[in-house]
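Treat the numbers as computed from the prediction; the structure is a model and nothing was measured.
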Amino acid sequence: MNVIEIPLSQIEVGDRLRTVDPAWVEFLAASILDRGQDTPIWVRKIGRGDKYSLIAGGHRMAALKKAGKEVAIASLKKVSETEAQLLEIDENLIRRELTPLDRATFLAQRKAVYEKLHPETKQGGDRKSDQSAELCGLIPAFSEATAEKLGLSRRTIETAVQLHGLIVEDVRKTISGTWLASSGAQLLTLGKLTPDRQRSVAFFVIKHPEVRNVGEIVRQIENLPKPPAPEKLEKFLSFWRKCDAEEREQIVEYAAAQMPSAACRSAWDKASDFEKQTIVEDFAPRFPGFAKTQVAA
């Protein structure tokens, strides 16, 4: 690894995919003042002059400046501009503190860069020859390659890329750093809205950070009446829908034990012919003389 010292004035930061978090910069600056720069930033050379372009380490760069440092310890990478983009993206994607919005942004950008480096893998791309088509089969699709490299599932990657496309760019920038950027479920709800409504919600989030539900924000923006409080049955059904098969079976067993006659009557009245036959086959051994032919029509 080629590690060198470079004056901060010679490093061009450029536009970053990830917004710098001031609180994290404060923490890093304090650490740098205490024990120096532990981790090098990544840079690449620009032309033949003395300028460098930052690949990865935006927070470290900001922290060095805040700490009053004039020189950065940097790892010099010999890569093209497109390859540098991929390095920046992957270096950030492996970090655990990424919000769902950040991860969606990086994965969508990785898809664009990956297809730029491997145009023959792009869906609907130009396949003018059998040789090109064969080559396309040899290079894994974006989701597969990214899943293998980053240890993420294909579903996670594809959902994140889709989410990025649903939310308009200016809205993504507005909500970056807010609570909304950290909630995948609320981001999906936001993505279902029109671009203009997304902008309204984004401005509302900045002005009223205490309201943390996109549906409620839309209700307030449109000045709609509050929905009635859910009844007990609806609350239970909402909980039931979130349970898996094993949990549902445990609930049914518990409830049936509390009111066995009501449970049996309800099960029989609402069962299909096949289910009634199953019930009879299950109960027949428990009742001497009770025959299968007694199943009601």
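Remark: Ala72 pairs with Leu8, Ile11, Gln37, Ile41, Leu64 by the side chain to side chain contact (heavy atoms under 4.5 Å, CB included) rule, at least two apart or across chains. With sequence neighbours left out, the side chain to side chain contact (heavy atoms under 4.5 Å, CB included) criterion links Gln10 to Ile6, Pro7, Asp50, Tyr52. For the side chain to side chain donor-acceptor pair (under 3.5 Å) test, no residue two or more places apart in sequence or in another chain qualifies with Asp269. Every ring pair (Phe, Tyr, Trp, His ring centres under 6.0 Å) that Phe204 has, sequence neighbours left out, goes to His208. Applying the salt bridge (Lys or Arg N to Asp or Glu O under 4.0 Å) test to Glu216 and every residue at least two apart in sequence or in another chain returns Arg219. Looking at residues two or more places apart in sequence or on another chain, you find a side chain to side chain contact (heavy atoms under 4.5 Å, CB included) between Lys66 and Val25, Glu26, Ala29. The side chain to side chain donor-acceptor pair (under 3.5 Å) test applied to Arg197 returns Glu222, not counting sequence neighbours. Residues meeting the side chain to side chain donor-acceptor pair (under 3.5 Å) test with Asp38, sequence neighbours left out: Arg35. Partners of Ser238 by side chain to side chain donor-acceptor pair (under 3.5 Å), not counting sequence neighbours: none found.
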One pair to check against side-chain contact (heavy atoms from CB on, under 4.5 Å): Ile73 and Ile4. What are the steps and the verdict? CA-CA 6 Å; Ile73 300 172; Ile4 58 177; over 6 Å; no
Mind running salt bridge (charged side-chain N to carboxylate O under 4.0 Å, His left out) on Arg199 and Asp196 for me, showing each step along the way? CA-CA 5 Å; Arg199 294 183 180 97; Asp196 285 343; 3.2 Å; yes
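Atoms OG and CD, on Ser200 and Gln220 in that order, are 13.0 Å from each other to the nearest 0.5 Å. Residue Ile46 holds its CD1 atom at 4.0 Å from CD of Glu12, rounded to the nearest 0.5 Å. In this structure, the separation between CG on Leu190 and CG on Leu188 is 9.5 Å, given to the nearest 0.5 Å.
Under the salt bridge (Lys or Arg N to Asp or Glu O under 4.0 Å) criterion, the residue pairs touching residues 235-256 are Glu234-Arg241, with sequence neighbours excluded.
With hydrophobic clusters built from ILVMFWY side chains whose heavy atoms lie under 4.5 angstrom apart, Trp179 shares a cluster with Ile221. Residues Leu101 and Ile217 share a hydrophobic cluster, clusters being chains of Ile/Leu/Val/Met/Phe/Trp/Tyr side chains in contact below 4.5 Å. Under the 4.5 Å side-chain contact rule for hydrophobic residues, Leu163 and Val161 do not share a cluster. Note: the hydrophobic cluster containing Val211 also contains Leu180 (ILVMFWY, side chain heavy atoms under 4.5 Å, direct or indirect links).
Contact check for Val79 versus Ile55: side-chain heavy atoms found under the 4.5 Å cut-off.
In terms of heavy atoms, Ile32 sits closest to Ala63 at CD1-CB, 3.8 Å. For the pair Ala84 and Arg44, the tightest heavy-atom approach, listed with the atom from each and the gap, is CB-CD, 3.7 Å. For Ala181 against Ser176, the heavy-atom pair with the smallest separation is CB-CA, 4.3 Å. The two residues Met61 and Val13 have their closest heavy-atom pair at CE-CG2, 3.8 Å. Residues Ile167 and Gly191 come closest through the heavy atom pair CG1-CA, 4.1 Å. A pairwise comparison of heavy atoms in Thr178 and Thr174 identifies CG2-O, 4.1 Å as the closest pair.
In terms of modelled atom types and a separation under 3.5 Å, the side chain of Thr189 and the main chain of Ala185 share a donor-acceptor contact. For the pair Arg103 (side chain) and Ala160 (backbone), a donor-acceptor distance under 3.5 Å is absent. The backbone N or O of Val71 sits nowhere less than 3.5 Å from a side-chain atom of Glu5 that would complete a donor-acceptor pair. Counting only distance, with no hydrogens or angles, the side chain of Gln186 and the backbone of Val214 share a donor-acceptor pair below 3.5 Å.
Judged purely by distance below 3.5 Å, without hydrogens or angles, the side chains of Asp102 and Thr99 pair a donor atom with an acceptor atom.
Grouping Ile, Leu, Val, Met, Phe, Trp and Tyr by side-chain contacts under 4.5 Å, direct or through others, leaves Leu166 on its own. Through direct or indirect side-chain contacts shorter than 4.5 Å among Ile, Leu, Val, Met, Phe, Trp and Tyr, Leu237 is connected to Leu233, Phe236, Phe239, Trp240, Ile251, Val252.
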